[in-house]
**Q** 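Handing you this structure, nothing more for now.
For ligands, and for the atoms within them, numbers begin at 1 and follow the listed sequence. Just so we're clear, the structure is a prediction, and the values are computed from it rather than from any experiment.
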Amino acid sequence: MAAPRIASQIETPPLAARLRERIAHEGPISVADYMQACLADPEAGYYTARAPIGRDGDFITAPEVSQTFGELLGLWAAFIWQAMGAPKPMVVAELGPGRGTLMADALRAWRRVPGLLEGTQIALIETSPVLRDMQRETLRNTPIPLRWFARAEDLPDGPLIVLANEFLDALPISQLVWREGAWRERCVRLDAKGAFVFTEGAAADPIPEIEATEGDILELRPAADNLLAALAARAAKGDPVAVLFVDYGHEQTAFGDTLQAVRNHRFADPLTSPGEADITSHIDFAGLKRTAEANGLNAFGPMPQGEFLLKLGLEARRDRLVERATPAQREAILSGTARLVDPRAMGVLFKALVVQSRGFAPPPPFDEI
Ligand code: SAH
């Protein structure tokens, strides 16, 4: 007997079908709108509907590779808290906490720092309901209250320390193409067969005052810019702010298309299956730093992830763990920590950038002479 069709008739059509319809009606949509739909569509966005991180997911991240990552970031935050004068109350936030692993590992470090958890509120900035559930489960034994927010702008007032691993790369970007002496918005349209293809739309507004050569692509990151502006506004009110971004990207600003899709641990075409692959871009660390400084914040780095973790004491922590490990655990600890720092793995492509309120000493490990 054929399965009843009623249920599927009231379901929302798949994202690809809805995007086709939208483009057929409205014309080409910008890369930013396409990326926003693919990642955050309320029904079918990649992060709305899936649990993508980990060995069974599409990609794996540093906290999933080794517990030392979250522990060292936790120690970093504890140091910053002390440098701020051990304020209470205070907010420790994570942007895009994934499965909650980094936060769980950081909490293990914080429990050993007297006074830190008293008067601290932990805030998790997460849009995905699926990942919020996972985070709640991972963090169920946390000794202090946890609160979830959709946006960093909604965080409670007070001194703030933020950790953000692989968060910025998941925010929508817009792309401009230099064509015949003008910057044009890069868009997505349909070809004769109904496939999604890139195209160029109207002239950009406002027009960046940068000259380029024919076909160059300039990436803009309005979502990251807004985040920095919101953090800077808190700092300007007098609440100290320190943020540690770890992400993949380049040190210098350069033209080029860095949009990429990953599905099942493999690169995929960002246009073939909207909502089914993770779409990200590379971070322009120099640009991020310029924006932070233009907003009145201090920025330190970027420093390659390997160097950053080694300077924070990765080897000592690794050796402590190895002492207490079974032979199988020992292998996992050694290979995991090596992967975090190896230049051929995550050690160099990934970088750390700290953004903080003016008037504070350089944070570790940028405080070395
Ligand atoms: N930091 C985690 C996960 C990285 S994946 C790790 O290292 O494993 C990106 C994370 O950011 C996911 O949790 C995703 O749901 C979340 N995210 C993506 N866009 C977001 C947005 N605009 N606002 C809040 N969270 C977002």
Side-chain angles (χ1 to χ4, degrees), residues 32-33 35-42 44-74 77 92-107 122-139 146-155 162-174 221-228 230-231 243-249 260-263 265 275 277-283 305 308-309 336 339-340 346 349-352:
D33 286 350
M35 202 171 166
Q36 172 73 22
C38 290
L39 294 176
D41 179 84
Y46 182 75
Y47 284 112
T48 327
R50 285 157 199 268
I53 308 150
R55 267 170 241 287
D56 302 332
D58 287 315
F59 59 94
I60 191 151
T61 55
E64 306 296 330
V65 166
S66 169
Q67 70 183 74
T68 56
F69 185 80
E71 290 168 348
L72 291 171
L73 266 55
V92 176
E94 187 182 352
L95 307 179
R99 300 163 65 109
T101 310
L102 191 164
M103 185 52 82
D105 294 335
L107 274 158
I122 305 246
L124 300 135
I125 311 292
E126 177 60 69
T127 39
S128 157
V130 180
L131 290 176
R132 277 191 185 198
D133 283 347
M134 273 198 171
Q135 291 155 17
R136 208 167 276 123
E137 175 60 21
T138 308
L139 299 168
L146 302 171
R147 285 179 72 189
W148 276 264
F149 299 90
R151 306 173 326 142
E153 288 84 340
D154 303 332
L155 284 169
V162 182
L163 301 176
N165 184 58
E166 288 207 48
F167 174 75
L168 295 174
D169 66 68
L171 300 178
I173 61 164
S174 64
R221 296 174 174 76
D225 294 350
N226 291 342
L227 171 66
L228 287 173
L231 294 167
V243 190
L244 170 57
F245 293 109
V246 182
D247 226 307
Y248 50 90
Q260 68 179 35
V262 169
R263 195 176 178 185
H265 301 271
D278 186 32
I279 303 187
T280 61
S281 70
H282 283 216
I283 301 311
Q305 171 173 295
F308 182 78
L309 295 176
R339 190 168 163 189
L340 292 181
M346 303 176 82
L349 176 59
F350 284 81
K351 297 174 180 67

**Q** Does any part of the side chain of Phe69, heavy atoms only, come nearer than 4.5 Å to the side chain of Met346, both counted from C-beta?
**A** no
**Q** Students should be able to answer this: which protein heavy-atom is nearest to atom 19 (N) of ligand 1, and at what distance?
**A**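 Looking only at protein heavy atoms, the one closest to atom 19 (N) of ligand 1 is Thr127 OG1, 4.1 Å.
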**Q** Need the ligand 1 atom indices (1-based, order shown) with element for anything under 4.0 Å from a heavy-atom of Gly98.
**A** 2 (C), 3 (C), 13 (O)
**Q** Drop me the distance from Thr68's OG1 to Leu340's CG, to the nearest 0.5 angstrom.
**A** 5.0 Å
**Q** Looking only at protein heavy atoms, identify the closest one to atom 2 (C) of ligand 1 and say how far it is in Å.
**A** Gly96 O, 3.2 Å
**Q** Nearest 0.5 Å, what's the CD-CG distance between Glu126 and Asp133?
**A**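 Spacing of CD (Glu126) from CG (Asp133) equals 10.5 Å.
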**Q** Ligand 1 versus Thr61, non-hydrogen atoms closer than 4.0 Å: side chain, backbone, both, neither?
**A**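 The answer is the side chain of Thr61.
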**Q** Of all residues at least two apart in sequence or in a different chain, which pass the salt bridge (charged side-chain N to carboxylate O under 4.0 Å, His left out) check with Arg147?
**A**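 With sequence neighbours excluded, Arg147 shows a salt bridge (charged side-chain N to carboxylate O under 4.0 Å, His left out) to no residue whatsoever.
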**Q** Can you name the atoms of ligand 1, numbered from 1 with element, that are less than 4.0 Å from a heavy atom of Leu171?
**A**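 Those atoms are 22 (N).
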**Q** Can you tell me which residue and heavy atom of the protein come closest to atom 7 (O) of ligand 1, and the distance to 0.1 Å?
**A** Asn165 ND2, 2.8 Å
**Q** Nearest 0.5 Å, please: how far is CG in Asp247 from CG in Leu168?
**A** 5.5 Å
**Q** Please name the residue in the list Leu95, Ile125, Val162 that meets the side chain to side chain contact (heavy atoms under 4.5 Å, CB included) test with Leu227.
**A**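 Per the side chain to side chain contact (heavy atoms under 4.5 Å, CB included) rule, the option paired with Leu227 is Leu95, out of Leu95, Ile125, Val162.
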**Q** Heavy-atom contacts with Ser128 under 4.0 Å: which atoms of ligand 1 show up? List them by number with element.
**A** 15 (O)
**Q** With heavy-atom distances below 4.0 Å as the criterion, list the atoms of ligand 1 near Pro63.
**A** 6 (C), 7 (O), 8 (O)
**Q** Looking at ligand 1, would Ile53 count as a contact under a 4.0 Å heavy-atom criterion?
**A**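 Distance cut 4.0 Å: Ile53 passes for ligand 1.
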**Q** Using 0.5 Å steps for rounding, measure from the CG atom of Asn165 to the CZ atom of Phe350.
**A**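 Those atoms lie 7.0 Å apart.
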**Q** Quick check: Phe167 and ligand 1, any N/O pair under 3.5 Å apart?
**A** no
**Q** Quick one, Leu146 and Leu124 - any side-chain contact, counting heavy atoms below 4.5 Å?
**A**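 Side chain of Leu146 against side chain of Leu124, heavy atoms only: contact under 4.5 Å found.
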**Q** Using the side chain to side chain donor-acceptor pair (under 3.5 Å) criterion, which residues pair with Glu166? Sequence neighbours excluded.
**A**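 For Glu166, no residue satisfies side chain to side chain donor-acceptor pair (under 3.5 Å) once neighbours in sequence are set aside.
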**Q** Got the closest protein heavy atom to atom 9 (C) of ligand 1, with its distance?
**A** Glu166 O, 3.4 Å
**Q** Quick one: does Ala62 get a heavy atom under 4.0 Å from ligand 1?
**A**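 Ala62 does not count as a contact of ligand 1 under the 4.0 Å cut-off.
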**Q** Output yes when the distance from some N or O of ligand 1 to some N or O of Glu126 is under 3.5 Å, and no in every other case.
**A**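 Glu126 vs ligand 1: N/O contact under 3.5 Å present.
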